[in-house]
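Below is one structure, written out as structure tokens, with a few remarks after it.
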Amino acid sequence: MSYPSSVQRSVYVLGDGLLFDEIIANMLTSEAGLRVIRSVYIDDAAFLTDVSLSRPDVILLSESHLYRCERFLALLSQISLPARLRVLLIKHDNNFIDIFDLPADRTYWGAGVTRTLKRIMGWNELLDLIGGRPFSLVGFDR
């Protein structure tokens, strides 16, 4: 599913250097309308610098033993963000994705950060989540 070039979205893919991360980043790169920034986690400072400079619309985290998503959300509260930022956490052992929609105004983070657990059934569903398309909880399963 290609997106119109006038609506280019920026996706920051953070992983731990495994083949899984490289495959996801390469597949996203082939999609029109997506600018993909791939990074391997080094430390918190490098992550914050990369995100500050690239100002992505979506951060795609690959679940890892090196970091925890909750810590990254806390780190993101320390920097200026785009109007809305979506953080997607891909789990390696199933086809669930944690979706965090973050408002730019950190005063609303207590009540404004929404978290949803979504089962995706294919590549197009992942692209819809990255593209900012509304999603339904059909297929939601916990």
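Residues Val40 and Ile90 do not share a hydrophobic cluster, clusters being chains of Ile/Leu/Val/Met/Phe/Trp/Tyr side chains in contact below 4.5 Å. There is no path of hydrophobic side-chain contacts, each under 4.5 Å, that joins Phe72 to Leu53.
Of all non-hydrogen atoms in Ser10 and Arg35, the two that sit nearest each other are OG-NH2, 2.9 Å. Between Asp50 and Tyr12, the shortest heavy-atom contact is OD2-OH, 3.0 Å. The heavy-atom pair separating Ile42 from Ala46 by the smallest distance is CB-CB, 4.4 Å. Nearest heavy atoms, Ile99 versus Arg86: CG2-NE, 3.7 Å.
Using modelled atom types, one side-chain atom of Arg9 and one backbone atom of Ile130 make a donor-acceptor pair closer than 3.5 Å.
For the pair Leu85/Val87, a side-chain contact is recorded, criterion being any heavy-atom separation below 4.5 Å from C-beta on. You'll find the side chain of Leu126 stays beyond 4.5 Å of the side chain of Asp128, heavy atoms only. At least one side-chain heavy atom of Leu76 sits less than 4.5 Å from a side-chain heavy atom of Phe47. At a threshold of 4.5 Å between non-hydrogen side-chain atoms, the residues Leu14 and Leu60 do not count as touching.
In this structure, Ile37 CD1 and Arg55 CZ are separated by 12.0 Å, a value rounded to the nearest 0.5 Å. With rounding to the nearest 0.5 Å, the separation of OG1 in Thr29 from CZ in Arg38 is 9.5 Å.
Of the options Leu88, Val13, Leu129, Leu34, a side chain to side chain contact (heavy atoms under 4.5 Å, CB included) to Val58 is made by Leu88 and by none of the others. Partner Glu31 forms a side chain to side chain contact (heavy atoms under 4.5 Å, CB included) with one of Val36, Val11, Leu127 and no other, that one being Leu127.
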### Stepwise side-chain contact (heavy atoms from CB on, under 4.5 Å) test for Phe100 and Leu61
CA-CA 11 Å; Phe100 299 88; Leu61 299 171; over 6 Å; no

